[in-house]
Amino acid sequence: MAGVLIGLALLAFWFFSLFDVVTSPEDEVRNVPKALWILIVVLIPILGGLVWMARGRPRAPRTPWPVPPGPGMPKGPDDDPDFLRDLDRRMRGDD
């Protein structure tokens, strides 16, 4: 019984991998052309599906972490008017 369940799970993974390759947009497939990925998944069922998941599947677009602007953001010394005033005062010798 366990062998049947493992076999069905592997068959389901193979079908999922094949369906995923076929429905992926051609321009988003990585490393090799889509037709070659289909051949790899069909001819090497389990290993081909694993390689597809790791190396060929399109990546989700990544967005950078948002940096909230606010008063807590550090400023460079040349952007800080208090620092520039103090520097000007020290350069004139008004200590």
*Asks:* About how many Å separate CE of Met91 and CG of Asp86, when rounded to the nearest 0.5 Å?
*Replies:*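 Those atoms lie 12.0 Å apart.
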*Asks:* Sequence neighbours left out, what passes salt bridge (charged side-chain N to carboxylate O under 4.0 Å, His left out) with Asp82? Give chain and number order.
*Replies:*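 Once residues adjacent in sequence are excluded, the partners of Asp82 under the salt bridge (charged side-chain N to carboxylate O under 4.0 Å, His left out) criterion are Arg85.
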*Asks:* Do Ile6 and Phe16 sit in one hydrophobic cluster, given that two such residues count as connected whenever their side-chain heavy atoms are within less than 4.5 Å of each other, even indirectly?
*Replies:*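 Same hydrophobic cluster.
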*Asks:* May I have the list of side-chain donor-acceptor pairs in residues 31-56 shorter than 3.5 Å, sequence neighbours left out?
*Replies:*
{"unit_1": "Asn31", "atom_1": "ND2", "unit_2": "Arg55", "atom_2": "O", "d": "2.5"}
{"unit_1": "Lys34", "atom_1": "NZ", "unit_2": "Val22", "atom_2": "O", "d": "2.8"}
{"unit_1": "Lys34", "atom_1": "NZ", "unit_2": "Ser24", "atom_2": "O", "d": "2.7"}
{"unit_1": "Trp37", "atom_1": "NE1", "unit_2": "Arg30", "atom_2": "O", "d": "2.9"}
{"unit_1": "Trp37", "atom_1": "NE1", "unit_2": "Val32", "atom_2": "O", "d": "3.4"}
{"unit_1": "Trp52", "atom_1": "NE1", "unit_2": "Asp20", "atom_2": "OD2", "d": "3.0"}

*Asks:* Report whether Val21 and Phe19 are members of the same hydrophobic cluster (ILVMFWY, side-chain heavy atoms less than 4.5 Å apart, transitive linking).
*Replies:*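 No, because Val21 and Phe19 fall into different hydrophobic clusters, even though each may have its own neighbours under 4.5 Å.
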*Asks:* Just verifying a value: how many Å separate Phe83 CZ and Leu87 CG, rounded to the nearest 0.5 Å?
*Replies:*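 Going from CZ on Phe83 over to CG on Leu87, the span is 5.0 Å.
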